[in-house]
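This report concerns only the one structure given below.
All residue numbers refer to positions in the sequence shown, counting from 1. Start at 1 and go down the list; that is how both ligands and their atoms are numbered.
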Amino acid sequence: MSELGEKERATSGPARAVVLRGTGGVWVVRTTEGETHDAALRGRLKQETAVKLAVGDEVMLAPDRQSTQWTIEEILPRRSVLSRRAPGGRHGERVVAANIDQVLVVFAAAQPEPHRRMIDRFLVIAESSGLTGRLVLNKVDLVDPTAVRESFQDYERAGYPVHLTSIRTGAGLVALRDVLAGRTTAVAGPSGVGKSSLLNALYPGLNLRVGAISSSVNKGRHTTVGAWAHPLPDGGFVVDTPGLREVGLWGLPTGALDQCFPEFRAYLGHCRFADCTHVVEPGCAVRSAITQGMVSAERYASYVKLREEN
Ligand code: GDP
Ligand code: ZN
């Protein structure tokens with residue numbers, strides 16, 4: 001960008017932009033016109049607002065009069081917040097990304113084997129932020145897709161779309177690209193399941209390093225490495241959230257864990273005891289739904305496990 005170009009824009013007034021990433025006070029933002037700039041938060045805004053700027057935030061930019069830099073003048077109201085409790089609890093939530101529309105929970109159908117407790121943990125995190133979850137089972141070229149579809153039926157019954165994908169055969173890629181278009185999607189899942197490979201297959205321009213993002217070398221830095229939003233050619237963004245990958249770092253909601261299992265909701269409020277934990281109490285509507293095969297015993301097992309962790 002030439003200096004003249006910057007000055008021309010200075011006369012055209014403030015621009016709207018989305019925060020792609022940032023560390024140490026410098027934020028990379030992308031304007032509605034598709035230009036990427038470095039920008040700093042206006043000094044006074046830091047004091048005026050309780051809101052801490054996050055990846056995914058929509059902001060208003062203005063050219064800084066003193067330099068060719070851009071300044072973030074205003075943080076626009078958020079549609080949603082994906083957050084986790086700060087390590088150690090106590091100090092409230094930490095915003096990982098703002099304005100997320102959905103959470104893509106990516107696992108492999110094999111190599112590594114999908115871990116149901118971990119899948120459920122990710123879905124609970126999405127639910128507790130009020131976000132839609134989607135389950136991706138990648139590497140279906142290594143397994144019998146029909147068997148996988150069947151063994152993950154309880155997720156579809158709970159209302160979660162399940163995508164079976166493979167970068168080897170191309171299975172499921174078109175449908176996945178369709179649901180990412182125009183939305184802001186946080187991508188979560190353990191290392192080695194093919195998250196980078198999938199995104200590269202969907203959007204060749206993205207050039208994510210396969211096997212690199214979640215390598216063990218990076219593990220120690222995961223608490224400090226922030227989210228990273230990648231603009232998509234179809235509109236929308238995929239947000240790589242290292243914090244979401246390190247699932248152990250995520251706090252679960254303190255109350256209402258049962259509300260984070262959508263298939264339980266129809267039964268909540270129907271237990272004999274108003275404060276039923278659905279674990280030992282007699283007259284529990286949730287457990288009776290499981291006995292009757294209305295709710296998956298596997299999903300319930302995750303609920304019990306996550307409750308114990310809390
Ligand atoms: P990430 O850590 O989740 O980002 O996973 P990567 O994208 O780095 O992929 C991990 C490994 O799985 C790599 O060796 C990929 O080549 C392989 N992989 C990714 N997708 C598939 C797939 O659909 N089928 C098979 N067979 N292997 C895959
Ligand atoms: Zn109950």
Nearest non-hydrogen contact with [atom] belongs to which option: [options]?
| atom | options | answer |
| --- | --- | --- |
| atom 17 (C) of ligand 1 | K139, Q111, K195 | K139 |
| atom 24 (N) of ligand 1 | D141, V140, V106 | D141 |
| atom 19 (C) of ligand 1 | S197, G172, A201 | S197 |

Query raised in the report: Hey, are R265 and E127 close enough for a salt bridge, meaning a charged N less than 4.0 Å from a carboxylate O?
Result: yes

Query raised in the report: Got a salt bridge between D240 and K195, using NZ or NE/NH1/NH2 to carboxylate O under 4.0 Å?
Result: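 No, no charged N to carboxylate O under 4.0 Å.
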
Heavy-atom contacts with [X] under 4.0 Å: which atoms of ligand 1 show up? List them by number with element.
| X | answer |
| --- | --- |
| G192 | 1 (P), 2 (O), 3 (O), 5 (O), 10 (C), 12 (O) |
| V193 | 3 (O), 5 (O) |
| S191 | 2 (O) |
| L142 | 26 (N) |
| G194 | 1 (P), 3 (O), 5 (O), 6 (P), 7 (O), 9 (O), 19 (C) |
| S166 | 23 (O) |

Query raised in the report: Relative to each other, are the rings of Y155 and Y160 parallel, tilted or perpendicular (30° and 60° limits)?
Result: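 It falls in the tilted class, 30° to 60°.
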
**Report entry** Aromatic ring pairing Y303/H278, orientation class (parallel under 30°, perpendicular over 60°, tilted between)
**Finding:**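 It falls in the tilted class, 30° to 60°.
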
Requested in this report: Answer yes or no as to whether an N/O/S atom of H270 is found below 2.8 Å from the Zn ion (ligand 2).
Outcome: no

**Report entry** Geometric cation-pi criterion, R116 with F107: 6.0 Å, 45°
**Finding:**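 No - R116 does not lie over the ring of F107 by the 6.0 Å and 45° rule.
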
Query raised in the report: W228 and V29: same hydrophobic cluster, using ILVMFWY side-chain contacts below 4.5 Å?
Result: no

Query raised in the report: Is the shortest N/O to N/O distance between I167 and ligand 1 below 3.5 Å?
Result: yes

Query - Residue pair V28 / T36, side-chain heavy-atom distance below 4.5 Å - result: yes

Report task. Report yes if some heavy atom in the side chain of E263 is under 4.5 Å from a heavy atom in the side chain of R157; otherwise report no. Result ->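 E263 does not reach R157 side chain to side chain.
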
Requested in this report: For ligand 1, indicate whether the residue P190 contacts it via side chain, backbone, both or neither (heavy-atom separation under 4.0 Å).
Outcome: backbone

Report task. Report the angle formed at the Zn ion (ligand 2) by atom SG of C271 and atom SG of C276, rounding to the nearest 10°. Result ->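 The two atoms form an angle at the metal of about 110°.
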
